[in-house]
Trainee: 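One structure follows; several queries about it will come next.
All chains are named by letter (A, B, ...) in the order of the sequence lines, taking the proteins before the strands, and each is independently numbered beginning at 1.
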2 protein chains.
Amino acid sequence: MPKLGMEPIRKTALVKATIVEIGRAGSLDVTVGQIAKRAGMSTALAHHYFGGKEQIFLAAMRHILSLYGAEIRGALATATTPRARLEAIVLASFSPANFRREVVSAWLNFYVLAQTVPGARRLLSVYQRRLHANLLHALRPIVGGRAEEIALSLGALIDGVYLREALSAGPSDGRASAKVVQDFLAAELLRFDMTQQKGADL
Amino acid sequence: MPKLGMEPIRKTALVKATIVEIGRAGSLDVTVGQIAKRAGMSTALAHHYFGGKEQIFLAAMRHILSLYGAEIRGALATATTPRARLEAIVLASFSPANFRREVVSAWLNFYVLAQTVPGARRLLSVYQRRLHANLLHALRPIVGGRAEEIALSLGALIDGVYLREALSAGPSDGRASAKVVQDFLAAELLRFDMTQQKGADL
DNA sequence: TTTTTTGTTGATTGACGAGTCAATAAACGT
DNA sequence: ACGTTTATTGACTCGTCAATCAACAAAAAA
């Protein structure tokens, strides 16, 4: 039965199973056995391919991050103006995909992991830097020197709004979340126009 | 040896020990044994007073929340103007106490708990509602009808900035965090003044 | 064909942990 | 003095789980 080239197949199966199980448990209290079973193999095989539980978690984190990255890239691809790029980033960050139980759980638990596991912290800061760079790139043409600080608070606001929406009771409303962030953006841009002494109507 | 009236003493000792241990572990992967040992008693006694691990965690969460609440109340007590109340809330939210390892760890893990443990979610929403009410009360005299939405994003921004600062490498800088939020507030108030068609200088 | 590499698992090991219980003891009420 | 309540723990039960290992199977290389 042993077909060759199983490694990548087994690994992605394990990663997906891990994310599902984390979603089910709501925590990292997930056994290798549960993961392996969901992925359709023995625990021994999971250890064989990943070496240990922590590495499985890190692979899952990488996967979540890459999904998010892909979504952002996709949204940016269709945006032409800087302003549209900003909207695209915000929209993508609050897409329904990001509010799936497993994804929320993954994020929250990765925050926890990032406290103590250096690999996790590194991954998280990669995400933050990428988001920051994207925001910066879109903001610079609009607000020039103030781009840095606006990008900073915009990034934090996205995280904060996501956190609240994800933990609120009832189904998550990405639309409403996006609106909060867009409003913030509008306020900051308006303030920029004011300090530039431009009437800025049309 | 059994002195009477031990219950409250033992309970607070356990709660404090729990928070320390959560800080040490960076997660809720903390055994009742560790907690009991740090609190200077046997595991059996911990179970005797709290009934189970989950209830110990909830008590710890209540404690963290009450510390935060006390700090907010203290800061508000000295504020006279609405604007000063807002500053006080922001400052208190980013006080050094809130960036201690144990406190950060507690918050992050309570977010995780809130996903699955109803009691934890309830406590978290108590915190959110209290913060919201405080912000609202301070904002209403300044921006009237727009208080609701500004309070919403202000609350989210506080959470988001806290999250980032707490997870950033190096020592946390509450001062810088507070400034980000204060800047946001300034932008929103400026926008409000603009839409009210008032020049608003002094 | 023999050997090596790759895939795969059941069974086992070794450790740890939540919660229970019986037993001990001091204080309190009467 | 005596029964009751409160405090306290060591020892134990029962379960779980990460990680390892020996062994088997098939494909590829030699």
Side-chain angles (χ1 to χ4, degrees), chain A residues 1-61 105 109 112-113 116-120, chain B residues 1-61 105 109 112-113 116-120:
Chain A
M1 291 180 186
K3 294 164 188 170
L4 284 228
M6 281 285 95
E7 178 155 352
I9 296 168
R10 294 303 199 185
K11 277 194 164 184
T12 65
L14 282 168
V15 163
K16 286 186 180 171
T18 301
I19 293 169
V20 172
E21 286 299 315
I22 289 176
R24 273 175 51 92
S27 72
L28 301 183
D29 264 328
V30 166
T31 72
V32 176
Q34 289 167 352
I35 294 171
K37 185 174 183 181
R38 181 168 296 270
M41 71 194 81
S42 69
T43 70
L45 199 52
H47 277 99
H48 174 65
Y49 280 124
F50 274 103
K53 208 180 178 183
E54 184 175 313
Q55 285 161 275
I56 300 182
F57 282 151
L58 286 179
M61 188 165 175
S105 211
N109 282 290
V112 168
L113 260 197
T116 54
V117 179
Chain B
M1 291 181 186
K3 294 164 188 172
L4 285 229
M6 281 285 96
E7 177 155 351
I9 296 168
R10 294 303 200 184
K11 277 194 164 183
T12 64
L14 282 168
V15 163
K16 285 185 181 173
T18 301
I19 293 169
V20 171
E21 286 299 316
I22 289 176
R24 273 175 51 90
S27 72
L28 300 183
D29 263 327
V30 167
T31 72
V32 176
Q34 288 168 352
I35 295 171
K37 185 174 184 181
R38 181 168 295 270
M41 69 194 82
S42 69
T43 69
L45 198 52
H47 277 99
H48 173 66
Y49 281 123
F50 275 104
K53 208 180 176 182
E54 184 174 314
Q55 284 161 275
I56 300 182
F57 282 150
L58 287 180
M61 188 164 173
S105 211
N109 282 289
V112 168
L113 260 196
T116 54
V117 179

Trainee: About how many Å separate OG1 of Thr12(B) and OH of Tyr49(B), when rounded to the nearest 0.5 Å?
Mentor: 11.5 Å
Trainee: Any chance you could measure Glu7(B), atom CD, to Ile9(B), atom CD1, to the nearest 0.5 Å?
Mentor: 10.5 Å
Trainee: What distance do Arg38(B) atom CZ and Arg24(B) atom CZ have between them, rounded to the nearest 0.5 Å?
Mentor: 5.5 Å
Trainee: Can you tell me if Lys53(B) has over 12 outside heavy atoms packed within less than 6.0 Å of its NZ?
Mentor: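 Above 12, so yes.
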Trainee: Run the numbers on Ile19(A) and Val15(A) for side chain to side chain contact (heavy atoms under 4.5 Å, CB included), then give the verdict.
Mentor: CA-CA 6 Å; Ile19(A) 293 169; Val15(A) 163; 4.2 Å; yes
Trainee: How many Å lie between NZ on Lys37(A) and P on dG10(C), as a whole number?
Mentor: 12 Å
Trainee: By a strict heavy-atom criterion of less than 4.0 Å, which residues belonging to residues 43-58 of chain A are in contact with DNA chain D?
Mentor: Ala44(A), His47(A), Gly52(A), Lys53(A)
Trainee: Rounded to whole Å, please give me the gap between CD in Glu7(B) and P in dT8(D).
Mentor: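 Result: 10 Å.
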Trainee: What is the minimum heavy-atom distance between Ser105(A) and Gly26(A), and which atoms define it?
Mentor: OG-CA, 3.2 Å
Trainee: Starting at atom CE of Met6(A), determine the distance to atom C1' of dA26(D), rounded to an integer number of angstrom.
Mentor: 13 Å
Trainee: Output the rounded distance in Å from CG (Leu4(B)) to P (dC28(C)).
Mentor: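 Roughly 5 Å, once rounded to whole Å.
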Trainee: Decide if atom NZ of Lys37(B) counts as having more than 12 heavy atoms of other residues, nucleotides or ligands within a radius under 6.0 Å.
Mentor: no
Trainee: Between Val30(B) and Ile35(B), is any pair of side-chain heavy atoms under 4.5 Å apart?
Mentor: yes
Trainee: Of all the base pairs, Watson-Crick or G-U under 3.5 Å, which form stems of three or more consecutive pairs involving DNA chain C?
Mentor: C:1-30 with D:1-30
Trainee: Of the residues in residues 8-33 of chain B, which ones touch DNA chain D at a heavy-atom distance under 4.0 Å?
Mentor: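 Contacts with DNA chain D under 4.0 Å: Arg10(B).
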Trainee: When you measure from the side chain of Thr43(B) to the backbone of Val32(B), do you find a donor-acceptor pair of N or O atoms at a distance under 3.5 Å?
Mentor: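 Looks like no, no N/O pair under 3.5 Å.
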Trainee: Is the shortest side-chain heavy-atom distance between Leu28(A) and Leu113(A) below 4.5 Å?
Mentor: yes
